Every structure is written in structure tokens, then in C-alpha cells.
Asks: 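Just dropping this structure here.
This is a predicted model, so every value here is computed, not measured.
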Amino acid sequence: MSMQIRGIAIYSRSGEKRETRFKLDSLNVVTGASKTGKSALLDIVDFCWGRDECTVPRGEIRNGVSWFAVLFDRAGEGILVARHNPGPSGNDGDEIYFERNVETFPETPAGFIKNMTAAALRSKMSGILGIAENLYDPEPTGARRVEASSGQAIFYSLQAQDEIASRRLLFHRQGETGIAQAIRDTFPYFLGAMGEDYFLKKKRLDDARFRLRKLERELTEAKALANEASGTALALVADGRGRPLDSARCHPSPRPGQRLVHQGWIADQGSA
């Protein structure tokens, strides 16, 4: 489960290309004067990895660039991801171009035609990295969704300058809302402390617990209804025992030809 970066490229609005190449399996150091775009390289990688929001600083780069592109390397295979610059006023770029078996950056962005969404890109990258499907969607329990994917793998791969300098942050984007919890949920997976099917098993366990709680509530309600019905029946019986019997209702007049038996004497209806 590893991937390297062969190079990063930007394309101007007039179609010109400028790229930075890296040597694989080596430490690469990017140097230059302040405010020349060194820190933006990490933001470009983050954006081309599938992040929804473009965090490339507003300024000359956002004003003049049309496409950002990163050429990844996975076991010798070149994987090109290019994303359209949302511009100085936008944050999300929904135009993504993805291509495999690429040796180098194209000279112009003319061939960059949208063929991928950000969610599909993250899923594709997860498959390339060998991350098995492991979505834990706790509906209908209402708990949070948990999934180990390429979207979380980037937390352990990059560190911005302010993250390196921070004494309170260790991982990329850890200070953002919800990211710290995502790191806690997925870190054991990427560390190798849990199997590929951990989240799927956890989902089945939580679903079973949810169904058990639901059945227990239904059983409690059924018992309460049964007790209420039993109490009503006993009250009716007690009320009936305390009331005298109506002899007229208990002994209706006999029809012609029938014999009347009442209080110890027998008589024919005709002679009564």
C-alpha cells in the first residue's frame, strides 16, 4: 500500500505548462525564495488526491492557472490526475481528469476532459492502493459513517508547514472539524492492527445490537399491554361478583310445551 509522486504540473490559462519533477525512492528537497509557491505544491497534491475543497492560496497561482496536475507512481505505473482550477472566487473544482499508464505530463491541457468526480476519484485511488471496501454506515442507528480509504490515507502522508511547527498537531488536517475523529477511527487500520473487514464486522455487530434493542422495546411494550388487559379483565370479574343476579334475565319465560322448573316445584305451563 504505497504510492509516490513523479511530478506536479500547472497549466496557465494560455496553455503553458510548468512542472516540478521528483526522483522516486529518494528524499526530494524543494527550495526557493519566499512567496514563490513552494507550500502550494502540497495543496495541489491534496486537491488532486480528491479533496473536495481547493486550498491553493488565492493570489497569482489561483488567478493565472487553469489546471493543476499530479503524476503519481504506483509500482512503476504512471497515474495522472488533473483538476480544473475553480478560480480565485471558488473552492471546489468538479472537473477532474483521470488517466492510467501515463509516462509524463501532456504539453497542453487540451485533452483534459472531465471523466471523474471527487468521490469516484477517492474510490479509484483506494482500489489502486489495495484498500478493500470497508464502509461502516451505521444507519439507521444515527451514528457517524466510518470508512478507511484514500481520503484518510492522505492524513498520514502530508504535513503542512504550520502542522510541522505545531506542538498540538501530528497529522495532516488534524485540527479541522471531524478530522481528528476520523484519524482515531482509521489509524488502527492503516497501522495494520485490524483486518480488512473490521468496519464491515463492526457494522454487522452494531446493526445486530440495534435490532436487539428494538425487539427488547417491542417486548416491553407487549408485556405492558398484556398486563393492562389482564388488569382490566380482573377488574370486570371483581365487579361482576359484587353485583346480584337478575332472575328475570337468568330464567326467561318458557315457550309453550316446555316445563318450568323453579324453586323446587315443577308444573306444566298449561296448569300454572
Asks: Can you tell me if N85 uses its side chain to pair, donor with acceptor, with the backbone of R62 under 3.5 Å?
Replies: yes

Asks: Does the gap between the ring centers of W67 and Y97 come in under 6.0 Å?
Replies: no

Asks: When clusters are formed by joining ILVMFWY residues with side-chain heavy atoms under 4.5 Å apart, either directly or through shared neighbours, do W49 and F171 land in the same one?
Replies: yes

Asks: Got a second to check how far E16's CD is from R18's CZ, nearest 0.5 Å?
Replies: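 Here the rounded value is 8.0 Å.
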
Asks: For a quick test of reading the model, state the closest non-hydrogen atom pair linking L170 to Q159 and the distance between them.
Replies: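 Minimum heavy-atom separation between L170 and Q159: O-NE2, 2.7 Å.
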
Asks: Step through the shown structure and confirm whether more than 12 heavy atoms of other residues, nucleotides or ligands are within 6.0 Å of CD on E218.
Replies: yes

Asks: Indicate yes or no for a side-chain donor-acceptor contact from R74 to the backbone of S2 under 3.5 Å, with no hydrogens or angles considered.
Replies: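 Looks like yes, one N/O pair under 3.5 Å.
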
Asks: Has the side chain of S66 got a donor or acceptor atom that lies under 3.5 Å from a matching backbone atom of S12?
Replies: yes

Asks: Using atom types as modelled and distance alone, determine if a side-chain donor or acceptor of Q181 lies under 3.5 Å from a backbone N or O of G178.
Replies: no

Asks: Hey, what do you get for OG (S150) to CE (M3), rounding to the nearest 0.5 Å?
Replies: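 The CE atom of M3 is 8.5 Å from OG of S150, to the nearest 0.5 Å.
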
Asks: Please test E176 against R51 for salt bridge (charged side-chain N to carboxylate O under 4.0 Å, His left out), starting from the C-alpha separation and ending with a verdict.
Replies: CA-CA 13 Å; E176 297 179 20; R51 184 171 181 171; 3.0 Å; yes

Asks: Go through K17 and E19 one step at a time and tell me if the salt bridge (charged side-chain N to carboxylate O under 4.0 Å, His left out) criterion holds.
Replies: CA-CA 7 Å; K17 178 188 67 172; E19 65 178 280; 2.9 Å; yes

Asks: Hey, what's the ring geometry for F187 with Y156, parallel, tilted or perpendicular (30° and 60° as the breaks)?
Replies: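 Rings of F187 and Y156: tilted, as their planes differ by 30° to 60°.
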
Asks: Under 6.0 Å between the ring centres of Y11 and F68?
Replies: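 Ring centres of F68 and Y11 not closer than 6.0 Å.
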
Asks: How long is the straight-line distance from CZ of F105 back to OG1 of T108, given to the nearest 0.5 Å?
Replies: 13.5 Å

Asks: Do you know the tightest heavy-atom contact between V70 and C48?
Replies: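 Heavy atoms of V70 and C48 come nearest at CG2-CB, 3.7 Å.
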
Asks: Taking all non-hydrogen atoms of both residues into account, name the closest pair between I96 and A118 and its distance.
Replies: CD1-N, 3.4 Å

Asks: Just wondering, are more than 12 heavy atoms of other shown residues or ligands nearer than 6.0 Å to CD in E77?
Replies: yes

Asks: Quick check: are there more than 12 heavy atoms from other residues, nucleotides or ligands sitting under 6.0 Å from CZ of R13?
Replies: yes

Asks: Is it true that a side-chain atom of T232 and a backbone atom of E228 form a donor plus acceptor pair closer than 3.5 Å?
Replies: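 Yes, T232 side chain to E228 backbone: donor-acceptor pair under 3.5 Å.
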
Asks: In sequence, state the C-alpha distance, the side-chain angles, and the governing distance for E95 and R83, and then conclude on salt bridge (charged side-chain N to carboxylate O under 4.0 Å, His left out).
Replies: CA-CA 6 Å; E95 293 184 59; R83 293 193 70 168; over 6 Å; no

Asks: Any non-hydrogen side-chain atom of V29 less than 4.5 Å from a side-chain atom of T31?
Replies: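 Counting from C-beta outward, V29 and T31 do come under 4.5 Å.
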
Asks: Which ILVMFWY residues are connected to I164, directly or by a chain of links, through side-chain heavy atoms under 4.5 Å apart?
Replies: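 In the cluster with I164 there is nothing else; it is isolated.
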
Asks: Looking only at heavy atoms, what is the nearest atom pair of G50 and R122, with distance?
Replies: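 Looking at all heavy atoms of both residues, the shortest contact is O-NH1, 2.5 Å.
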
Asks: So, does S166 use its side chain to make a donor-acceptor pair with the main chain of L169 at under 3.5 Å?
Replies: yes

Asks: Measure the spacing between CD1 of I179 and CZ of R173 and express it to the nearest 0.5 Å.
Replies: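 The distance works out to 4.5 Å.
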
Asks: Hey, does the side chain of T186 reach the backbone of Q152 with a donor-acceptor pair shorter than 3.5 angstrom?
Replies: no

Asks: With a 6.0 Å cut-off (strictly less than), is the heavy-atom count around NZ of K38, excluding the residue itself, greater than 12?
Replies: yes

Asks: How far apart are the closest heavy atoms of P106 and L80, and which atoms are they?
Replies: CD-CD2, 4.0 Å

Asks: Any chance you could measure F190, atom CZ, to L129, atom CG, to the nearest 0.5 Å?
Replies: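 Those atoms lie 8.0 Å apart.
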
Asks: Check whether any side-chain N or O of S230 sits under 3.5 Å from a backbone N or O of A226 as a donor-acceptor pair, and report yes or no.
Replies: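 Judged by distance alone, no pair lies under 3.5 Å.
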
Asks: Under 4.5 Å between any side-chain heavy atoms of V102 and L71, yes or no?
Replies: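 Answer yes - side chains close enough.
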
Asks: Please name the residue in the list N28, I8, T104 that meets the side chain to side chain contact (heavy atoms under 4.5 Å, CB included) test with R21.
Replies: T104

Asks: Ignoring hydrogens and angles, tell me if any N or O in the side chain of S26 forms a donor-acceptor pair with the backbone of L24 under 3.5 Å.
Replies: yes

Asks: Hydrophobic clusters here meaning ILVMFWY residues chained together by side-chain heavy-atom distances under 4.5 Å, can you tell me if M116 and V45 are in one?
Replies: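 Per the 4.5 Å side-chain linkage, M116 and V45 are co-clustered.
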
Asks: Does L215 belong to the same Ile/Leu/Val/Met/Phe/Trp/Tyr cluster as F210, with side-chain heavy atoms less than 4.5 Å apart forming each link?
Replies: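 L215 and F210: separate clusters.
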
Asks: Would a 4.5 Å heavy-atom cut-off, applied to side chains only, mark E221 and E216 as touching?
Replies: no

Asks: Classify the side-chain pair H172/D46 by whether it contains a donor and acceptor separated by less than 3.5 Å.
Replies: yes

Asks: Test side chain to side chain contact (heavy atoms under 4.5 Å, CB included) on N63 and R58 and set out the steps.
Replies: CA-CA 7 Å; N63 292 333; R58 288 176 170 82; over 6 Å; no

Asks: What do the steps show when you test I44 against V56 for side chain to side chain contact (heavy atoms under 4.5 Å, CB included), and what is the final call?
Replies: CA-CA 6 Å; I44 293 172; V56 177; 3.9 Å; yes

Asks: Is a donor on one side and an acceptor on the other found under 3.5 Å between the side chain of Q4 and the backbone of D25?
Replies: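 Present.
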
Asks: Once rounded to the nearest 0.5 Å, what's the spacing between atom CD1 of I79 and atom CZ of F98?
Replies: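 Nearest 0.5 Å value for the CD1-CZ distance: 5.5 Å.
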
Asks: To check you understand the geometry: which heavy-atom pair defines the closest contact between E53 and F47, and what is its length?
Replies: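 Shortest heavy-atom separation between E53 and F47 comes out as O-CD1, 3.8 Å.
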
